[in-house]
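Please find one structure pasted underneath; my questions will follow.
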Amino acid sequence: MLYVVSASYDPDVNGISLKLYNDETEKIEVWVDSSFKAYFLTKMKPSLNWKSIVKKELVTKYDALRDKDVKVWKVTVNNPSAVKNSHNINDARENHIKFFQCYIYDKDIKMGMPYLRRNGNLEFQPNQESESRIQEILSQFKELDKDEQDMFEKWASLLEYPAPDFKRASLDIEVMNKDENKVPNPETAILPVLTACISTNRGERIAYVLIQEGKTVNKIPDNVDKIIFFTEEDKLLLSVFNKMNEYPFLITFNGDDFDLRYLYYRALRLGIPELKIPIIVRERICMLKRGIHIDLYKFFSIKAMKIYAFKAKYKDEKLDTVAKALIGKGKIKGEEKWMAKMSYHDLIKYCMNDADITLELTTYNNDLVINLIIMLERISRLPIENVSRKSVSSWIRSFMVYEHRQRNILIPTPEEIKAVKGQTASTAIIKGKKYKGAIVVIPISGTHFKVLVLDFASLYPSIFKVYNLGYSTINCPHEECKSNTIGELPHWICKKNRALESLLIGSLRDLRVFWYKKKAKDKFLDKKLKTWYSVAEQSIKVIMNASYGVFGSEKFSLYCPPVAEEIAAIARYIISKTIKKAQSLGMNVLYGDTDSIFVKDPPKEKLDELVKWTQDEFGIEFEVDKAYKYVCLSGRKKNYLGVTTRGEVDVKGLTGKKKHTPPIIKSAFNETKKLLKEVETPEQMEVTKKKISSLIKGVYKTFKNREWENMEDLSFNVTVTRELDEYKKTTPQHVKAAKMLQAQGYDVEAGTNISFVKTNKKVSGGVTVKPVKLAKREEVDVNKYIEFLKSTFEQILEPLDISFSEDIIGIRSLKDWL
DNA sequence: GCGGACTGCTTACCT
DNA sequence: ACAGGTAAGCAGTCCGCG
């Protein structure tokens with residue numbers, strides 16, 4: 001079987017080149033098609049003398065903004081760059097869609113799906129087992145109309161078809177460094193590559209090592225199968241390239257910006273001809289001539305991925321952090337930062353470990369990550385290289401454009417949408433935001449036993465579905481729809497046509513709720529299939545959670561703020577009505593945020609009544625999401641701790657959990673969590689409260705007596721989100737510390753995490769903050785730490801009715817004592 | 001010159 | 001480069017203070 005994994009423009013044949021993965025030979029094959037020509041559309045007749053034009057024809061498209069057919073000129077040109085240049089032509093449209101994307105959309109190429117070569121054609125190859133499962137799904141949704149049935153079939157086939165076991169290798173290199181605080185520059189590539197390690201899912205672990213003067217081999221690291229030594233660096237690189245060519249997929253961590261880029265420029269510098277280098281270097285990415293390069297750093301940095309698929313388990317996107325969070329393995333910690341000084345043993349071991357964990361990030365949990373990428377490739381209809389690097393908005397744009405093309409709908413321009421649909425009508429609570437968002441109920445502070453959390457399943461996507469929302473249906477052109485308003489906003493919604501977004505997002509949402517969520521928990525399925533279903537479920541979740549937000553984002557090509565605003569408004573309407581109903585049933589609503597409510601020990605029959613009422617009223621499933629033994633609500637919004645009936649501790653928004661909090665306070669917080677985990681009854685809580693008090697008292701004394709073990713335990717860890725000279729308005733503490741580091745020759749760039757301690761002005765020469773690396777014990781401002789300890793723990797001490805000053809420190813006023 | 005009240009900036013979080 | 005809402009701490013500004 002041939003799986004389509006990539007598509008790109010090939011200038012040599014002025015056509016499209018598809019990369020196909022052959023799961024029998026485990027090699028990439030290429031399919032070239034030069035019959036497809038680039039084109040764009042325009043409403044005005046293009047002048048005759050534009051020399052790139054091959055053909056122009058008048059075609060009919062459906063204008064969804066105005067609900068009528070329009071005639072537009074389809075202008076075919078002799079090569080894709082002419083489409084790029086069409087911005088000179090008045091009213092050129094659909095000219096921003098890349099050539100290879102046009103090919104995929106117009107020819108309906110199913111990315112990531114199985115094909116076969118037959119009679120000189122590339123034909124989709126149906127799979128009987130998958131097709132019968134799809135029929136099973138469809139039989140569950142019989143009551144739906146034709147459009148919806150078709151969408152279900154389309155989505156389901158993308159997610160039900162199996163994926164092959166992709167043969168792949170991971171690569172990591174170590175380069176000689178002159179300055180331990182600086183990363184070698186890949187563009188100049190002046191320093192030699194000391195070692196390259198390749199680890200593969202076909203059982204190879206090979207280290208390519210450059211022989212360095214004065215070093216001897218005394219010990220072979222235990223994580224390699226084969227070590228090849230080279231006296232000449234160019235031979236080393238060529239061997240690495242050969243091995244790379246044996247594998248259709250190459251996995252790196254930051255290979256776009258470092259490993260592959262370095263190898264390419266280093267090879268050129270050593271006189272290796274371009275032809276023999278398998279790498280193509282672009283401005284921001286590195287690709288392979290024959291294979292597919294996946295840069296996991298890019299993939300794990302995709303915000304939606306991080307939050308929805310991996311539940312923000314990793315706090316930054318470094319290999320060490322991601323690997324520790326997902327597979328429980330990290331980089332090898334070493335004292336030595338000078339690669340050149342490391343023994344062969346240490347160098348190889350370090351490098352191979354990186355290659356190993358990089359590979360394992362794609363293999364753990366039955367190839368979860370690679371399967372996630374394949375499913376997103378299928379849903380978005382983008383090549384692997386794009387889907388693994390670009391953000392969720394480009395995935396959504398991609399399948400939206402595909403659906404427009406398939407249905408012969410003219411794709412509206414952002415200007416048009418803005419002009420026809422108008423602006424927002426609500427005022428945001430936060431200054432500078434475009435419209436009003438969700439409701440957060442003020443929580444009732446205190447420790448509450450027996451609390452249920454109820455929530456709406458995928459509220460915002462459900463609103464798309466139920467209320468028929470999309471750019472075409474909001475403020476539609478029909479007079480008779482103008483009365484169809486919901487809630488507080490003046491926008492009306494079309495009653496005549498179904499919005500494309502409503503159909504696409506709605507069907508995806510139903511498929512997730514009624515099929516994949518159930519299948520992912522099905523005990524009777526074998527493990528592999530179960531994980532596959534859970535990955536399908538997760539990939540839908542990622543797309544859906546972003547689907548509302550993109551319509552409120554200027555960067556999105558179908559940006560339509562009234563749609564986003566209306567969805568938020570309907571959500572407020574739904575949750576407020578639900579809270580009122582719950583209260584009218586006598587329930588005690590303690591808290592609520594956006595799509596959920598916390599209820600104190602509701603009687604079963606009242607609960608059932610509320611659930612039924614919401615289903616009837618809004619057509620959206622409202623169900624018990626969590627049951628807490630007890631919840632400590634701090635009185636602040638988005639800020640609580642709860643212990644579920646299964647004994648899991650949920651911490652939301654508390655400072656003790658935040659990544660900038662010093663480790664010493666964090667670990668005290670985690671100890672507190674352990675104590676709270678065991679509490680079953682209000683009586684036990686009284687005992688635990690005493691334990692917590694003495695625990696915090698211990699930390700307090702550690703500060704007071706300056707008895708902490710390491711300075712690192714005191715460090716605040718804050719990210720500089722931009723380059724240092726871009727802080728124009730204020731200079732926050734972490735930036736001050738960052739500047740001190742920079743002055744010492746450290747690399748500080750956007751995204752660097754700064755570890756600093758708070759210092760005493762009088763002791764530290766007028767400085768209130770210092771990088772932990774440069775700070776001395778006696779400079780620490782212990783009072784600042786005690787203040788921070790206080791405010792961190794007050795978030796749970798208050799609901800537990802413990803006073804920091806009186807019960808922990810044992811005085812009436814903290815200030816007096818200080 | 002220094003503090004308190006205030007606003008705004010910045011980061012990390014929640015849904 | 002999916003949205004808006006929230007907590008927290010600090011930077012910077014203004015004003016009063018004989």
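Reminder, nothing fancy here: chain letters follow the sequence lines and each chain counts from 1.
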- Query: First contact, last contact: which nucleotides of DNA chain B are these for chain A, 5' to 3', heavy-atom distance under 4.0 Å?
  - Reply: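 On DNA chain B, the outermost contacted nucleotides are B:dG8 to B:dT15.
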- Message: By the 4.0 Å heavy-atom rule, please label A:Y640 as base, sugar-phosphate, or nothing.
- Response: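 A:Y640: backbone/sugar contact only, no base atoms under 4.0 Å.
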- Can you tell me how far P of C:dC2 sits from CD1 of A:I302, to the nearest Å?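 My rounded result for the distance is 10 Å.
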- Query: What nucleic acid atoms does A:R572 come within less than 4.0 Å of, heavy atoms only: base, sugar-phosphate, or nothing?
  - Reply: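 It contacts nothing in the nucleic acid.
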- Item | Whole-Å gap separating P (C:dG4) and CD1 (A:I307) |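 Distance check: A:I307 CD1 to C:dG4 P gives 14 Å.
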- Are A:F804 and A:F793 close enough that their ring centers fall under 6.0 Å?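 Not close enough - the centres of the two rings lie 6.0 Å or further apart.
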- Message: Heavy atoms from C-beta onward define the side chain here; which of C:dA3, C:dA7, C:dA1 lies closest to that of A:K434?
- Response: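 The answer is C:dA3.
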- Message: Classify A:V651 by what it touches in the nucleic acid, base, sugar-phosphate, or nothing, heavy-atom distance under 4.0 Å.
- Response: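 Contact class for A:V651: sugar-phosphate only.
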- Go through the steps for A:H491 and A:N475 under the test side chain to side chain donor-acceptor pair (under 3.5 Å), then give the verdict. CA-CA 6 Å; A:H491 306 305; A:N475 302 332; 3.2 Å; yes
- Message: Any base atoms under 4.0 Å from A:A564, or only sugar-phosphate, or nothing? Heavy atoms, all strands.
- Response: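 Nothing: the residue A:A564, judged by heavy atoms under 4.0 Å, touches no strand.
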- Message: Of the listed nucleotides (C:dC2, C:dG9, C:dG5), which one gets closest to any side-chain atom of A:V440?
- Response: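 Closest nucleotide to the A:V440 side chain: C:dG5.
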- Check the distance between C:dG12's C1' and A:K728's NZ and give it to me in whole angstrom.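 After rounding, the reported distance stands at 17 Å.
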- Query: Which part of the nucleic acid, if any, lies within reach of A:G437 when heavy atoms closer than 4.0 Å are counted: base, sugar-phosphate only, or nothing?
  - Reply: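 A:G437: backbone/sugar contact only, no base atoms under 4.0 Å.
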- Tell me, please, whether A:F756 has A:K770 positioned over its six-membered ring: NZ or CZ under 6.0 Å from the ring centre and within 45 degrees of its axis?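 Judged by the rule, A:K770 and A:F756 form no cation-pi pair.
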- Message: For a quick check of understanding: with a heavy-atom distance under 4.0 Å over all strands, which category does A:K758 fall into, base, sugar-phosphate or nothing?
- Response: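 The residue A:K758 makes sugar-phosphate contact but no base contact.
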- Message: Categorize A:I430 for me: base, sugar-phosphate, or nothing, with a 4.0 angstrom heavy-atom threshold over every strand shown.
- Response: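 The residue A:I430 makes base contact.
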- Message: Between A:Y559 and A:Y471 (judged by ring centroids, cut-off 6.0 Å), do the two rings come close enough to count as a pair?
- Response: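 Judged by ring-centre distance (under 6.0 Å), A:Y559 and A:Y471 do not meet the cut-off.
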- A:K577 with A:E617: basic N within carboxylate O range, under 4.0 Å: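 Answer for the salt bridge query: yes.
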- When the aromatic ring centroids of A:Y314 and A:F300 are compared, is their separation below 6.0 Å?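 Judged by ring-centre distance (under 6.0 Å), A:Y314 and A:F300 do meet the cut-off.
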- Classify the nucleic acid contact of A:N545 as base, sugar-phosphate or nothing, counting any heavy atom under 4.0 Å across all strands shown.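 Touches a base.
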- Taking the nucleotide of DNA chain B with the closest heavy atom to each, which residue, A:K431 or A:S596, is nearer the 5' end?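 Closer to the 5' end of DNA chain B: A:K431.
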- Message: Please report the distance, rounded to the nearest Å, between CZ in A:F556 and C1' in C:dA3.
- Response: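 Taking atom C1' of C:dA3 as the reference, CZ of A:F556 is at 13 Å.
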- Euclidean distance, atom NZ of residue A:K433 to atom P of C:dT6 [Å, nearest integer]: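 These atoms are roughly 12 Å apart.
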- Task: Mind listing the residues from residues 729-737 of chain A sitting with a heavy atom below 4.0 Å of DNA chain C? Number order is fine.
- Result: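 Those residues whose heavy atoms fall under 4.0 Å from DNA chain C, taken from residues 729-737 of chain A in numerical order, are A:K729, A:T730, A:T731, A:Q733, A:K736.
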- Query: Which is true for A:S547 with a 4.0 Å heavy-atom rule: it touches a base, it touches only sugar-phosphate, or it touches nothing?
  - Reply: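 Result for A:S547 = nothing.
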- Item | C:dA1 phosphate, OP1 or OP2, under 4.0 Å from A:K555 side-chain N/O |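 Answer no for this pair, as no side-chain N or O of A:K555 is under 4.0 Å from OP1 or OP2.
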- Value rounded to 0.5 Å, distance of CD in A:E385 from CD in A:E377: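 Those atoms lie 9.0 Å apart.
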- Between A:Y548 and A:T655, which is nearer to the 5' end of DNA chain C once each is assigned its nearest nucleotide?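 Result: A:Y548.
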- Given C:dG4, C:dG5, C:dA7, which nucleotide is nearest the side-chain atoms of A:Y435?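 The nucleotide sitting nearest to the side chain is C:dG4.
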- With rounding to the nearest 0.5 Å, note down the distance linking OG1 in A:T644 to CG in A:D650.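 One finds 6.5 Å between OG1 of A:T644 and CG of A:D650.
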- Under 4.0 angstrom, heavy atoms only, what part of the nucleic acid is A:E554 near: base, sugar-phosphate, or nothing?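 A:E554: no heavy atom of the nucleic acid under 4.0 Å.
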- Query: Do A:F399 and A:W155 have ring centroids that are under 6.0 Å from one another?
  - Reply: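 Aromatic pair counts; centres sit under 6.0 Å.
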- Message: I need the CZ-P distance between A:F464 and C:dC2, as an integer number of Å.
- Response: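 Whole-Å distance recorded here is 15 Å.
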- Task: Kindly state whether the ring of A:F618 and the ring of A:Y467 have centres lying under 6.0 angstrom apart.
- Result: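 That pair fails the under 6.0 Å test.
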- Message: Under 4.0 Å from OP1 or OP2 of C:dA1: is there any side-chain N or O of A:S391 that close?
- Response: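 Result: no.
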- Check the distance between C:dC2's P and A:E501's CD and give it to me in whole angstrom.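 Answer to the nearest Å: 18 Å.
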- Task: Scan A:Y727 against the nucleic acid and name what it touches under 4.0 Å (heavy atoms): base, sugar-phosphate only, or nothing.
- Result: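 Result for A:Y727 = sugar-phosphate.
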- Message: Side-chain N or O of A:S553 versus OP1/OP2 of C:dA3: is the shortest distance under 4.0 Å?
- Response: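 True: A:S553 side-chain N/O within range (under 4.0 Å) of C:dA3 OP1/OP2.
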- Please say whether the positively charged group of A:R389, taken as NZ for Lys or CZ for Arg, lies over the ring of A:F299, i.e. under 6.0 angstrom from the six-membered ring centre and within 45 degrees of the axis.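 So A:R389 doesn't make the cation-pi contact.
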- Item | Whole angstrom value for the distance that separates P of C:dA7 from NZ of A:K657 |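 To the nearest whole Å, that distance equals 16 Å.
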